[in-house]
Each structure stands twice: as structure tokens, then as C-alpha cells.
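Written out below as C-alpha cells is the structure these notes cover.
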Protein chains: 2
Amino acid sequence: MPQTPAARYRLLTTPKLPEAAAQLQASFRRRELVIVAGDCQCRYSGRASSSLGPGERVVIVKGDGSVQVHRPARYEPVNWQPPGCILSVSLDGALRIRAYRPKQNETLDLIFESVMFMVSFKPVDRAEFNLYVSEEQMRDALVSDPSILEAGLRLLEFERKVEPGFIDFYGKDVDGRLVVVELKRNLAGKDAVLQLKRYVDAVSASTGVHVRGVVAAPGLRSGAQEALAALGLEFRKLTPRRCAEVLERRKTRRISEYLP
Amino acid sequence: MPQTPAARYRLLTTPKLPEAAAQLQASFRRRELVIVAGDCQCRYSGRASSSLGPGERVVIVKGDGSVQVHRPARYEPVNWQPPGCILSVSLDGALRIRAYRPKQNETLDLIFESVMFMVSFKPVDRAEFNLYVSEEQMRDALVSDPSILEAGLRLLEFERKVEPGFIDFYGKDVDGRLVVVELKRNLAGKDAVLQLKRYVDAVSASTGVHVRGVVAAPGLRSGAQEALAALGLEFRKLTPRRCAEVLERRKTRRISEYLP
DNA sequence: ATTTACATTTCGGGG
DNA sequence: CCCCGAAGTGTAAAT
């Protein structure tokens, strides 16, 4: 008879509370990932305070000291702690888990009346996560090929610092006029327009010449349209997809440079 | 011998993929909460794109059609979908879960090579969640008793609408001067100061008289201090805790009105 | 350590 | 439905 492979996880089904407490202790010490499902109350106190009466929830405690309490619906946990918590377990009729986060001096208490099931293990996961086309990558694409915004546009300075922050793109257009570009990966709202206005004003004040202000984004929110018009600024469409194409092309070129 | 209580959850330990697929199908149809742990890859495509190679992860699918993929560390899931997904399962050597979200036209694919364990159930959770001292509650406290900000301050208008948005608090001080208050629950930064400045300018333009601008917050970020000074605005300390006291006091008063 | 800006932000409220 | 802004925002990069 073949042997059972070494258990990759420890599982308790409908455990008594002392048994659950013991396994929690051990798992926290070993920095395992723990999933606990059962009837629990939650109290949080820190930057704010919250309370949540009894109900069946799923709790995940990770080896980095982060905690999340999930209800039957909603993407976000109803209560949580970011990484870096000091975890402790106690038993006094109920099973209590305390996650204290020194960084913000905040405490999350979970009080279990019963545990349906509980699993602990150390997931093996060394893969690298890759996300494509962030706003930064869109900026790279624009710097790499300013013509994707308008023909004849040239880069003058990369991440130019002015009074309130950094300009995404600072250049000259085909007629030699200064251009300040405010780049947004998502639909641009009023806030983006006002931010651009401040950059334009700052550059205009320091150079003494007229400066074009351009919002580059996949589209505009409705309020932004009026704001642009009122402030004499422009919009040009630039999508993450288009930028991805430019970046892909550039990568291909780089490779081809090494070919005979 | 006491009977086992009706199973509150269905659990599979190290299932074969077809078995896992069948249970997933059933659970998705019943809108249960499902936890799957195993070796999986992830591909996301929608507002952005991402890919993540194989590794052991914990996946939670909720009855509302939200999905999250958790790695051994980090509070936030590495991949996810908010509620409202159409879920499908297929089997072709690997076990594939697809979560498609029509609202944003985005797709998350999870490809399991193996499943360590899997649990499905419908958590019973009807408790009400209460969060104390949000920014809105701080505003309520300030409206209820403006003197917590400064002696003699009176409310003129609640959520007054001006050009770019709503003023948190609009009133008159002890000397009859107009006061615009920008309220922040956390430390106020430069952004809050600039927002206030816009409101002050708008009110000043429409009334033609001088307007005081006050940032009310638990404290100031460093940059905000200078910005305040430069723009001729003021800061007054207001903490969530102080507001909680006012709200508590008001509640007590309300009750006492009904006492003989 | 603190500040700043981004996020596949999510989420709720109001028009 | 979209728009807007708060969040116990979390997170990483820059100062």
C-alpha cells in the first residue's frame, strides 16, 4: 500500500476550541498561513473603531502578520490588519485572537464561539508577478515616442520638477511652443485638469512665454471637459493599449539591434 | 450515539481535478463561498494585464461573484475581481476557473495543476457592521457644536455647494467674518490646503468680502504648514476622538430629553 | 521615517 | 447610469 505523502497542511474539522487554540498558537509561531472559518465577533480599535456582532466568517492570517475577516459577500474584508501584527491567542470560554499592530497602535480582536474548520500551511510560491501598462509605463512609452500624442512633439525634459510636483512630460511642439503634458492612465477628471493648470501656470511664470497644457488620457470625465475649455487647456487621447504597442515595438527593436 | 449534525460545509482534501471541478460547478451555481488552495497560475486582462506563474495560493470565490487570489504574504490579493463576475469552470488537463466581469470587460483566469483542498459553504452572517468616527461623523459633530473648533463660531450653511464641490462647514466667527472649514479625519497635507484655497477663493469671489479659510484636522503634514502660511489660511486641531465625545454627549442629551 | 502619488483602487452617495 | 470623494484606504518610490 502506497504511503500517504507528507501532509502539506494541517486540517481540523469542527474542532473543540482548545484544540483550535493550540493549532493557532503553533501556526502563528511557525508563520504559516492560517484559514479559520466559524462563528466570530470582531472588534477593532485604532485609527477608528468598529464592532461587528456574531456571524459565520472566514479569517485568513498570513505569515507576514496580516489578517483579514471575510463575510459572505464583498470583495474587501470587513475587518483587517495590514502586515506586521503581533498575534496572540487566548481561551476563556471563547477563543480569542488578537492582532496588534504597533506601527499604528491598533488592535483587532476576533472572538470565536465555535470553529467550523481550520487549515494551516506554508504555501510555496516563488513566482514573479508581472503587471503590464501602469501609468509609469505609459509615460515611458510617451518619452520613447512622443509622436503617439501628436506629430512633431519632442521631449525637452523628463520628470521636470516645478513648484508643486513633477510634470509627467515637458516638451516642444512642431511650432516650437512649450508643452506640458499631464498623463492619466484612467479617465481624467477635474482634479487632473486643475493639476495641469497649476503646472502650466508655474512653467509659464518661470519662462515668461505661453505654454500649452495637454491632458493625455484614455478619455475625459464629463466635468473635465468644461474645465479644460474654461482654462484653455487641451485633451489628447492616449490609451494604455497604444502605449503597450509602443513598448512592445521598442523591445523588439532592442532585440533586433543584436541581430546581424 | 449522537448523530453528526448536518454538514455545514463540503470539504475535499487533495481531490482529483475532475472531482474539484464538479464541486466548483455546483458551488458556483448555489452561490456558495468557496475556498480553493493549490498550485495555480493566474492571468488577468482588462483595465490592465498581468500574469503570474505557478505557485501555491489560496483562492476565495464569494457568492456575490467576487474573486481573490492570495499569496503567502501581503494583505492585498495578488489578483482579484470585484463582485458581479460570471464564473465558469473547465477541465483540460488543468482545472480552469474563469471570472469574467462584464461591467469592466475584464477576465481573470486561474489555472490549477493540482488542488490541495477545497471547501464550500454558505456562511450565515446577518450582523450589522458599525464603524465609529468617519469624516462624516466628524462633520456631524462640528455642525452639532461648532464651538469645538473655536469659541463663538456659528453654522451658516450645511454642505454649501460652490464651484468645485461642497464646503464641509460654512459659518461666521465671533466677529461676523465668513469662515470656510476644510475638514480632514487624518493629517492634512498640501492637497487639503489647496482644496480649501479654492473654496475660499470661490466664496470670496461670490460674496465680495474677506473669507477666513480653516483646515480642521488632527494635525498637519509638513508641507501643509508652509502652504497654509503662503496662502493666508489657518489650522485648527480637531481629532476624531474629540468629535466622538461630542456625538456621545449629544446622544445622551437626546435620551435625557425624554426623562421627566 | 515621512511625504507623495498611484491603484485592475473599492465603495457608497447623489444627481 | 455616471460622477465624485472618502477610506481604519494599501503600496511603493522618493526625499
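Chain identifiers are assigned alphabetically (A, B, ...) following the order of the sequence lines, protein sequences preceding nucleic acid strands; residue numbering begins at 1 within each chain. Values reported hereafter were calculated over all heavy atoms of this structure, with side chains retained and with hydrogens, waters and symmetry mates removed.
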Side chains of residues 222-235 of chain B: which donor-acceptor pairs under 3.5 Å do they make with residues two or more places apart or in other chains?
from   : atom 1 : to     : atom 2 : distance (Å)
B/E234 : OE1    : B/R212 : NH2    : 2.8
B/E234 : OE2    : B/R212 : NE     : 2.8

Original post:
A/R198 CZ to C/dT4 C1': how many Å, rounded?
Top reply: 13 Å
**OP:** Mind listing the closest non-hydrogen atom pair of B/F112 and B/A37 along with its distance?
**Re:** CE2-C, 4.4 Å
**OP:** Whole angstrom is fine here: how far is it from CG in A/L187 over to P in D/dC1?
**Re:** 16 Å
**OP:** Report which part of the nucleic acid B/S45 touches: base, sugar-phosphate, or nothing (heavy-atom distance under 4.0 Å, all strands).
**Re:** nothing
Original post:
Is the phosphate of D/dA6, meaning OP1 or OP2, less than 4.0 Å from a side-chain N or O of B/R139?
Top reply: no
Subject >> Side-chain donor/acceptor of A/N79 to base of D/dG8, under 3.5 Å >> reply: yes
Subject >> NZ/NE/NH1/NH2 to OD/OE distance under 4.0 Å, B/E32 and B/K122 >> reply: no
Original post:
In dot-bracket, 5' to 3', how would DNA chain C read with Watson-Crick or G-U wobble pairs under 3.5 Å, [ ] for crossing ones and | for pairs to another strand?
Top reply: |||||||.|||||||
Original post:
D/dG8 P sits how many Å from B/R241 CZ, rounded?
Top reply: 17 Å
**OP:** Give the B/S/- string for nucleotides 10-15 of chain C, one per nucleotide from 5' to 3', where a protein heavy atom under 4.0 Å of the base yields B, of only the sugar-phosphate yields S, and otherwise -.
**Re:** SSS---
Original post:
Rounded to whole angstrom units, what separation is found between the CD atom of A/Q225 and the P atom of D/dC4?
Top reply: 12 Å
Original post:
Whole Å only: how far is the CD1 atom of A/I167 from the C1' atom of C/dT4?
Top reply: 16 Å
**OP:** Can you tell me the distance, in whole Å, between the CG atom of B/L183 and the C1' atom of D/dA7?
**Re:** 14 Å
Original post:
How far does the C1' atom of D/dT11 sit from the matching atom of D/dA7, given to the nearest Å?
Top reply: 14 Å
**OP:** Return the minimal non-hydrogen interatomic distance between B/V67 and B/L87, and the atom names on each side.
**Re:** CG2-CD2, 4.0 Å
**OP:** Kindly say if B/K190 contacts the phosphate of C/dT3, meaning a side-chain N or O under 4.0 Å from OP1 or OP2.
**Re:** no
Subject >> Closest heavy-atom pair and its distance - B/T239, B/M138 >> reply: C-CE, 4.0 Å
**OP:** Run the numbers on B/D125 and A/R57 for salt bridge (Lys or Arg N to Asp or Glu O under 4.0 Å), then give the verdict.
**Re:** CA-CA 7 Å; B/D125 181 357; A/R57 283 142 209 162; 2.8 Å; yes
Original post:
Which whole number of Å gives the distance between the P atom of C/dT4 and that of C/dT8?
Top reply: 22 Å
**OP:** Check whether any side-chain N or O of B/N186 sits under 4.0 Å from OP1 or OP2 of D/dT9, and answer yes or no.
**Re:** yes
Subject >> Atom CZ of B/R43: over 12 foreign heavy atoms under 6.0 Å >> reply: yes
Original post:
So what does A/S50 touch, heavy atoms closer than 4.0 Å: a base, only the sugar-phosphate, or nothing?
Top reply: nothing
Original post:
Expressed as a whole number of Å, how far does the C1' atom of D/dA6 sit from that of C/dA7?
Top reply: 15 Å
**OP:** Take atom CG of A/D191 and atom C1' of D/dC3, then tell me their distance rounded to the nearest Å.
**Re:** 11 Å
Original post:
For the side chain of B/E135, counting heavy atoms from C-beta on, which of C/dC6, D/dA7, C/dT8 is nearest?
Top reply: D/dA7
**OP:** Could you walk me through whether A/Y132 and B/S51 pass side-chain contact (heavy atoms from CB on, under 4.5 Å), step by step?
**Re:** CA-CA 9 Å; A/Y132 305 107; B/S51 77; 3.6 Å; yes
Subject >> side chain to side chain donor-acceptor pair (under 3.5 Å) contacts in which one or both residues fall within residues 75-90 of chain A, not counting sequence neighbours >> reply: A/S50-A/N79
Subject >> Listed partners of B/F121 passing ring pair (Phe, Tyr, Trp, His ring centres under 6.0 Å), at least two apart >> reply: A/F117
**OP:** Nearest whole angstrom, please: distance from the P of C/dA1 to the CZ of B/R221.
**Re:** 16 Å
Original post:
Around atom CD of A/Q104, are there more than 12 heavy atoms of other residues, nucleotides or ligands at under 6.0 Å?
Top reply: yes
Subject >> Short side-chain donor-acceptor distance under 3.5 Å, B/Y199 and B/E182 >> reply: no
**OP:** Ignoring backbone atoms, test whether B/S222 places a side-chain nitrogen or oxygen under 4.0 Å from the OP1 or OP2 oxygen of C/dT2.
**Re:** no
Subject >> Interface residues of residues 58-73 of chain A with DNA chain D (non-hydrogen, below 4.0 angstrom) >> reply: none
Original post:
Toward the 5' end of DNA chain D, which comes first, B/L131 or A/A224, by nearest nucleotide?
Top reply: A/A224
Subject >> Exceeds 12 heavy-atom contacts within 6.0 angstrom, atom CD of B/E245 >> reply: yes
Original post:
Taking OP1 and OP2 of D/dA6, is either one under 4.0 Å from a side-chain nitrogen or oxygen of B/K184?
Top reply: yes
